[in-house]
Structures are given as C-alpha cells and as structure tokens.
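In each ligand, atom 1 is the first atom listed, and ligand 1 is the first ligand listed.
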Amino acid sequence: MDPSLPTEPSSNLRDGLNLRVGLGDDTHRLGQGGPLRLGGIDLESDVHAIGHSDADVLLHAIVDALLGAAHLGDIGRLFPDTKEENRGRNSAEFVHEAVRLIHAAGWQVVNVDCVIQAERPKIGPVADAISARVGELLQIPADRVSVKGKTGEGVGPIGRREAIAARVVALICRS
Ligand code: MG
C-alpha cells in the first residue's frame with residue numbers, strides 16, 4: 001500500500017459526511033394585478049404569480065432544496081397540486097412541514113442561497129425583508145439567508161414578465 005495515502009478519512013472528510021447540499025428550482029406564470037407573494041411576504045407589484053397554492057416561487061424552491069438535501073423527496077410528492085387541501089394554501093405551511101421533517105430526520109439548516117429571476121419588481125430593495133421572513137420560517141438568522149435578484153434582460157419568459165423563477169441551494173448538517 002502506498003504509505004503516502006491516508007489510511008482513514010481525514011477529519012475534514014468525516015465532517016463532510018455530516019453535511020448535505022440540496023438544489024431547488026421553481027417557475028410560476030404571472031398574471032395581471034398584485035400583490036406578488038414572494039418569500040412569505042406580499043410585495044407591491046402590478047403582477048401576481050399563478051399557481052395551485054399561493055404560488056410563492058421562492059418558498060417552493062427553498063422547500064425542494066431542503067427536501068433534496070435530506071433525501072426526503074420533493075414538494076410535489078409532499079403537497080400534490082391535485083389535492084384540494086393545497087388550493088390557495090400559504091406556502092409558509094409547506095416550509096414549516098419541510099423544516100419539521102428535516103429536524104425529525106436529525107438535520108438542521110445551515111444556510112440557503114437564493115436567486116430570484118424577475119424582470120420586476122426589483123429584488124434588491126426588498127431582499128433584506130425577504131431574508132428576515134425566510135430566516136423566521138427556517139428558524140435560522142437572517143444572515144444565513146442570502147437573496148439575490150436577476151432580471152431576464154427583457155428577453156424570454158422572465159424578461160417578457162410572463163413568468164417568475166427561483167433557484168436555491170441549501171446546506172444542512174447533522175444536528
Ligand atoms: Mg411552485
């Protein structure tokens with residue numbers, strides 16, 4: 001055996017086994033008339049997101065990132081859009097349930113990094129408010145919830161304001 005190779009995993013590698021990363025991605029169509037529910041708050045806007053629940057694209061992507069990290073399925077399996085009980089439902093309830101499942105499986109949320117793709121409203125001015133609300137929902141400090149906005153540069157379904165999308169990575173660790 002090559003003596004230069006470690007015979008057991010380094011502590012860094014062992015620690016790494018207690019971490020998991022997850023990815024969430026969601027898109028919703030937009031319709032005329034606000035407000036826009038995003039990250040658990042209602043933003044002043046001339047459009048709203050269309051969906052079976054309250055169509056909160058950011059919270060949906062966060063739920064999928066968390067469930068993916070813990071290998072607990074996905075939002076569609078947990079809260080099917082074919083179920084009447086999920087019609088118009090507050091997506092904060094989806095987050096509560098996902099966090100409950102994560103904790104029950106022996107994990108805790110470390111941080112989330114979020115990208116919201118929307119032509120308008122501008123995300124920058126409301127990013128701190130969204131971080132604060134999402135932090136409450138995830139039971140972590142707001143400085144572990146990063147929220148960034150990207151426009152569609154006027155092209156594609158985002159740029160034409162036909163849709164809004166969110167991408168989220170979440171890190172969880174063994175509690
Ligand atoms: Mg959705």
So R167 and Q117, side-chain contact (heavy atoms from CB on, under 4.5 Å) or not? Walk me through it.
-> CA-CA 8 Å; R167 296 204 179 99; Q117 291 183 286; 3.5 Å; yes

Residue pair T151, K122: steps toward the side-chain contact (heavy atoms from CB on, under 4.5 Å) verdict = CA-CA 8 Å; T151 72; K122 289 287 178 207; 3.3 Å; yes

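- Coordination check, D56 versus the Mg ion (ligand 1): failed, since every N/O/S atom of the residue sits at 2.8 Å or beyond.
- Judged by distance alone, the side chains of H103 and S175 never bring a donor and an acceptor atom under 3.5 Å apart.
- Side-chain contact of S91 with D54: a donor-acceptor pair under 3.5 Å is present, judged by distance alone.
- Of the angles at the Mg ion (ligand 1), the one spanning ND1 of H60 and NE2 of H28 is 90° when given to 10°.
- Restricting D26 to its N, O or S atoms, the one at the least distance from the Mg ion (ligand 1) is OD2.
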